[in-house]
Number of protein chains: 2
Amino acid sequence: MKLSLRGEYALRALLVLGMNTDKEVVRIQTISDEQNIPKRFLEQILNELKVAGILESRRGIAGGYRLKSAPEKITLAEVIRLIEGPLAPVSCVSEKFYEKCTCPDEAKCGIRSVMKDVREAIVKVLEQVTVAQLCDRARMLEGQVANPLDYVI
Amino acid sequence: MKLSLRGEYALRALLVLGMNTDKEVVRIQTISDEQNIPKRFLEQILNELKVAGILESRRGIAGGYRLKSAPEKITLAEVIRLIEGPLAPVSCVSEKFYEKCTCPDEAKCGIRSVMKDVREAIVKVLEQVTVAQLCDRARMLEGQVANPLDYVI
DNA sequence: GCTATACTCTATCAAAACAGTAGAGTTAAT
DNA sequence: ATTAACTCTACTGTTTTGATAGAGTATAGC
């Protein structure tokens with residue numbers, strides 16, 4: 001039931017980019033340094049996110065990456081689906097990547113029924129959480145104020 | 001986020017064994033036939049479940065496997081943990097298989113925070129569902145009566 | 001006891017996935 | 001023109017996965 005390192009790196013990169021929406025772009029090198037990710041590996045991942053329309057980039061000496069849309073619009077579910085494929089533990093219960101399995105009768109499969117519940121549980125979390133919220137959580141854990149309004153008397 | 005075929009086969013075998021608690025034992029061949037699982041591969045898996053104390057076996061000409069404890073006592077979580085390892089998507093949030101990750105500071109990691117939620121969601125389902133319930137679901141889907149008491153007027 | 005048929009144990013193996021490296025190319029600010 | 005960034009494609013070593021194979025051990029029934 002694991003997320004690959006590739007997927008984890010993608011999320012870590014998005015976290016950095018989400019924390020830096022004030023800047024024009026962020027360089028790969030910066031992300032790589034901040035998050036301990038091999039630079040050449042990260043290049044591939046960021047490019048994939050760009051091709052998919054989640055990031056945009058600027059080339060040349062002042063180049064780098066930035067989020068293409070608002071951090072509130074990007075869910076972790078879409079990112080993981082892009083990098084990893086199905087969120088479902090078995091593809092015979094996947095919404096977006098359905099594949100037939102080898103069991104005698106899918107319609108009567110008890111395991112399938114349970115795995116549907118697991119899939120729903122996973123999707124419920126990951127489709128709800130956006131990059132913006134990811135950043136909020138990070139700020140919260142940093143001991144910073146996530147939302148100053150919470151502190152109004 | 002996938003379950004391996006090995007893990008799926010284990011669950012399918014347990015389903016068959018759970019449906020046949022009236023019999024002394026069930027032969028590997030029978031399970032293999034019923035569930036379309038390569039026999040020699042299934043042998044390994046069943047043996048692993050035996051070594052772990054989930055199944056017991058009888059050797060020789062009237063041999064086969066059976067559940068060691070009541071189907072109500074065996075959760076899918078323990079089976080999957082045995083065959084697959086951690087239920088958590090990243091091992092830095094795993095209860096039973098914790099491993100440190102490469103992020104700069106685990107305590108302040110926003111991703112870790114989200115992945116904890118995912119882990120909880122998965123565990124909540126899989127620790128609740130037993131082999132007995134797996135069989136109930138299968139019977140339900142078969143159109144059979146899961147619990148005859150439901151039909152008392 | 002012999003035999004047939006089951007489980008048991010260990011080894012091996014091919015293919016795929018994973019994680020990372022490499023090199024040559026393109027773009028753009030200075 | 002130079003430099004420092006992204007881009008594109010290919011390759012490579014390692015691990016995991018999904019099996020297959022063979023020799024061995026137990027046991028019911030005759």
>> Whole angstroms only, please: what is the OH-C1' distance between B/Tyr65 and D/dA26?
In response: 13 Å
>> Could you measure the distance from the CD atom of A/Gln133 to the CE atom of A/Met140? Nearest 0.5 Å is fine.
In response: 10.0 Å
> For B/Lys68 and C/dC7, what is the distance between atoms NZ and P respectively, to the nearest whole Å?
Replying inline: 17 Å
>> Base, sugar-phosphate or nothing for B/Gln29? Non-hydrogen atoms, less than 4.0 Å.
In response: nothing
>> Check this for me: does the side-chain of B/Gln44 come within 3.5 Å of the base of D/dT20 through a donor and an acceptor?
In response: yes
> If you measure from SG on B/Cys109 to CG on A/Leu134, what distance do you get to the nearest 0.5 Å?
Replying inline: 8.0 Å
> How long is the line joining CD1 of B/Ile45 and P of D/dT17, in whole Å?
Replying inline: 12 Å
>> From CG of A/Leu5 over to P of D/dT15, roughly how many Å is that when rounded to an integer?
In response: 14 Å
>> Would the base of D/dT25 count as contacting B/Arg59 through its side chain, where contact means a donor and an acceptor less than 3.5 Å apart?
In response: yes
> CD of B/Glu48 versus C1' of D/dT17: gap in Å, rounded?
Replying inline: 13 Å
Residues 68-89 of chain A side chain polar contacts: donor-acceptor under 3.5 Å, at least two apart:
{"from": "A/Thr75", "atom 1": "OG1", "to": "A/Glu78", "atom 2": "N", "distance (Å)": "3.2"}
{"from": "A/Glu78", "atom 1": "OE2", "to": "A/Thr75", "atom 2": "N", "distance (Å)": "3.1"}
{"from": "A/Arg81", "atom 1": "NH1", "to": "A/Glu127", "atom 2": "OE2", "distance (Å)": "3.3"}
{"from": "A/Arg81", "atom 1": "NH2", "to": "A/Glu127", "atom 2": "OE2", "distance (Å)": "3.2"}
{"from": "A/Glu84", "atom 1": "OE1", "to": "A/Ser4", "atom 2": "N", "distance (Å)": "3.1"}
{"from": "A/Glu84", "atom 1": "OE2", "to": "A/Ser4", "atom 2": "N", "distance (Å)": "3.3"}
{"from": "A/Glu84", "atom 1": "OE2", "to": "A/Ser4", "atom 2": "OG", "distance (Å)": "2.3"}
{"from": "A/Glu84", "atom 1": "OE2", "to": "A/Gly7", "atom 2": "N", "distance (Å)": "3.4"}

> What is the nucleic acid contact for A/Ile28, judged by heavy atoms within less than 4.0 Å: base, sugar-phosphate only, or nothing?
Replying inline: sugar-phosphate
> Between B/Asp117 and A/Arg137, is a salt bridge (charged side-chain N to carboxylate O under 4.0 Å, His left out) present by the stated rule, with each step listed?
Replying inline: CA-CA 12 Å; B/Asp117 290 356; A/Arg137 293 201 191 205; 3.0 Å; yes
> Where each residue is assigned the nucleotide of DNA chain C containing its nearest heavy atom, which of A/Leu42 and B/Ser57 is assigned the position nearer the 5′ end?
Replying inline: B/Ser57
> Could you give all pairs that pass the salt bridge (Lys or Arg N to Asp or Glu O under 4.0 Å) test and reach residues 50-59 of chain B, with sequence neighbours left out?
Replying inline: B/Glu24-B/Arg58, B/Glu56-B/Arg66
>> Within the 4.0 Å heavy-atom criterion, would you say A/Gly60 contacts the bases, only the backbone, or no part of the nucleic acid?
In response: base
> Just how far, in rounded Å, is C1' of C/dA19 from CG of A/Leu3?
Replying inline: 14 Å
> Is the phosphate of C/dC18, meaning OP1 or OP2, less than 4.0 Å from a side-chain N or O of A/Arg6?
Replying inline: no
>> How many whole angstroms separate atom NZ of B/Lys2 from atom C1' of D/dT17?
In response: 13 Å
> So, is B/Asn47 near the phosphate of C/dC7, with a side-chain N or O under 4.0 Å from OP1 or OP2?
Replying inline: no
> Counting just side-chain N and O atoms, does B/Lys50 come under 4.0 Å of either OP1 or OP2 of C/dC7?
Replying inline: no
>> By nearest atom, which of the nucleotides D/dA28, C/dG20, D/dA19 is closest to the B/Ile61 side chain?
In response: D/dA28
> Which comes earlier along DNA chain C counting from the 5' end, the contact point of A/Gly7 or that of A/Glu43, where each point is its nearest nucleotide?
Replying inline: A/Gly7
> What is the distance from CZ of A/Arg27 to P of D/dC6, rounded to the nearest Å?
Replying inline: 7 Å
